Amino acid sequence: MKHVRGHVGLLVLGLLCTSLQAATLEGQRFEPVVRVAQQELQLNGLGVRAVFVFKAYVAALYLGRKTTQAQDALRQPGPKRIQMRMLMEIGAPDIKKALVDGMQKNVSANQWAAMQERVAQFTRTIESIGVAKPGDTITLDYVPERGLLLSVNEVVKGGAIRGPEFYQALLEIFIGDDPVDGRLKNGLLGQ
């Protein structure tokens with residue numbers, strides 16, 4: 001009986017280790033769990049952003065609780081993370097245009113007007129990136145009481161951009177009603 005329990009224990013341990021393995025897409029590896037603001041976040045899903053026939057980056061969505069529903073992901077309280085691993089070289093003007101235009105598409109005119117000061121701060125932060133090269137990691141974290149923190153290869157750029165609604169507008173680029181890429185949205189939501 002002891003022998004059987006030992007095998008069952010090893011089987012359970014093996015299954016746990018398998019479920020905690022990093023996920024890989026397009027050769028880019030993402031951890032199953034990350035910490036943001038002292039909270040563990042789960043890898044919700046991965047997707048590729050394709051521009052015409054070119055693959056621009058692989059993105060990962062991390063949440064406090066996994067979900068396949070966009071509205072649930074958008075409404076979850078607490079820290080969140082979008083992490084992008086570049087597959088091609090992209091300059092700051094192209095990154096800025098994609099992110100800022102994407103945000104504007106997913107909010108009302110009044111919301112957009114109310115965010116202009118923060119959009120300007122976000123634009124300056126993106127411009128500080130310069131050129132993102134293949135293999136670079138751009139991380140967009142939401143930290144409650146601080147806001148959006150943007151980092152490149154684990155180096156924070158600019159200051160925190162306040163407001164959960166600002167981060168939600170950014171997240172809607174990826175998983176909102178008018179996402180930048182439908183297949184990317186499905187991947188991030190684990191669909």
Side-chain angles (χ1 to χ4, degrees), residues 13-37 39-70 72-74 76 79-103 106 122 125-143 148-158 167 170-176 178-191:
L13 181 61
L15 290 172
L16 286 173
C17 289
T18 300
S19 68
L20 293 177
Q21 286 180 352
T24 302
L25 183 61
E26 295 293 327
Q28 303 300 311
R29 185 176 178 273
F30 293 86
E31 294 302 320
V33 176
V34 297
R35 289 189 74 77
V36 175
Q39 183 174 331
E40 282 193 352
L41 301 180
Q42 307 295 313
L43 176 62
N44 197 74
L46 297 174
V48 176
R49 169 65 172 123
V51 183
F52 302 110
V53 296
F54 303 103
K55 294 176 182 175
Y57 57 83
V58 177
L61 173 62
Y62 289 91
L63 300 169
R65 175 179 38 82
K66 285 185 163 196
T67 183
T68 58
Q69 302 303 309
D72 182 33
L74 292 166
Q76 278 190 33
K80 297 179 176 86
R81 170 175 283 178
I82 285 281
Q83 192 167 66
M84 299 178 288
R85 295 266 170 71
M86 308 313 293
L87 298 174
M88 61 186 287
E89 187 171 292
I90 303 175
D94 292 325
I95 296 170
K96 177 177 66 176
K97 181 173 177 23
L99 293 177
V100 172
D101 288 357
M103 287 176 73
N106 283 286
F122 187 47
T125 301
I126 293 169
E127 288 169 351
S128 74
I129 293 172
V131 175
K133 297 183 180 351
D136 283 351
T137 301
I138 298 174
T139 304
L140 304 162
D141 283 341
Y142 174 66
V143 177
L148 165 65
L149 293 173
L150 184 149
S151 62
V152 178
N153 299 325
E154 299 184 23
V155 176
V156 175
K157 301 285 187 176
Y167 192 84
L170 179 67
L171 193 53
E172 288 198 38
I173 296 169
F174 300 94
I175 62 169
D178 192 5
V180 67
D181 184 319
R183 287 180 296 178
L184 173 61
K185 174 181 176 175
N186 291 341
L188 294 175
L189 292 173
Q191 299 176 348

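Only a predicted model underlies this, so the values are computations on that prediction, with no experimental measurement involved. Residues take their numbers from the sequence shown, with the count starting at 1.
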Q) Between Leu150 and Phe122, is a side-chain contact (heavy atoms from CB on, under 4.5 Å) present by the stated rule, with each step listed? A) CA-CA 9 Å; Leu150 184 149; Phe122 187 47; 3.9 Å; yes
**Q.** Tyr62 side chain to Glu31 backbone, donor-acceptor under 3.5 Å
**A.** yes
Q | CZ on Arg29 to CD on Gln21, rounded to 0.5 Å | A | 9.0 Å
Q: Using the six-membered ring wherever Trp is involved, compare the ring planes of Tyr167 and Tyr142 and label them parallel, tilted or perpendicular (cut-offs 30° and 60°).
A: tilted
Q.
I need the minimum non-hydrogen distance between Pro79 and Ala37, along with the two atoms involved.
A. CG-CB, 4.0 Å
Q: Give a yes or no answer on whether the side chain of Asp141 reaches the backbone of Arg81 with a donor-acceptor pair at less than 3.5 Å.
A: no
Q. When Leu61 is tested against each of Ile82, Leu184, Leu41, Leu43 for side-chain contact (heavy atoms from CB on, under 4.5 Å), which residue passes?
A. Ile82
**Q.** Over 12 non-hydrogen atoms of neighbours within 6.0 angstrom of CZ in Arg183
**A.** no
Q | Distance, nearest 0.5 Å, that separates NZ of Lys80 from CG of Leu148 | A | 12.0 Å
(Q) Strictly distance-based, threshold 3.5 Å: is any side-chain N or O of Gln83 a donor or acceptor partner for the main-chain N or O of Thr137? (A) no
(Q) Could you go through Asn153 and Asp136, starting from their C-alpha distance and side-chain angles, then the distance that decides it, and tell me whether this counts as side chain to side chain donor-acceptor pair (under 3.5 Å)? (A) CA-CA 6 Å; Asn153 299 325; Asp136 283 351; 3.1 Å; yes
Scan the side chains in residues 88-100 for donor-acceptor partners under 3.5 Å anywhere in the protein, sequence neighbours excluded, and list what turns up.
residue	atom	partner	partner atom	Å
Lys96	NZ	Glu127	OE2	2.9
Lys97	NZ	Asp101	OD2	2.7

Q: Using atom types as modelled and distance alone, determine if a side-chain donor or acceptor of Lys185 lies under 3.5 Å from a backbone N or O of Gly176.
A: yes
**Q.** side-chain hydrogen bond (donor to acceptor under 3.5 Å, both in side chains) against Glu40, all qualifying residues, sequence neighbours excluded
**A.** none
Q. Taking side chain as C-beta onward, heavy atoms only, is Glu26 less than 4.5 Å from Leu46?
A. no
Q | Under the salt bridge (Lys or Arg N to Asp or Glu O under 4.0 Å) test, residues paired with Arg85 that sit two or more places apart | A | none
Q. Measuring from Ile175:CD1 to Leu189:CG, what's the distance to the nearest 0.5 Å?
A. 5.0 Å
Q | Distance (rounded to the nearest 0.5 Å) between Leu63 CG and Asn44 CG | A | 4.5 Å
Q. When rounded to the nearest 0.5 angstrom, what distance separates OG in Ser151 from CD1 in Ile138?
A. 9.0 Å
Q. What is the minimum heavy-atom distance between Lys157 and Thr125, and which atoms define it?
A. O-CG2, 3.2 Å
Q.
Taking the side chain as everything from C-beta on, heavy atoms only, tell me whether Ile173 gets closer than 4.5 Å to Met103.
A. yes
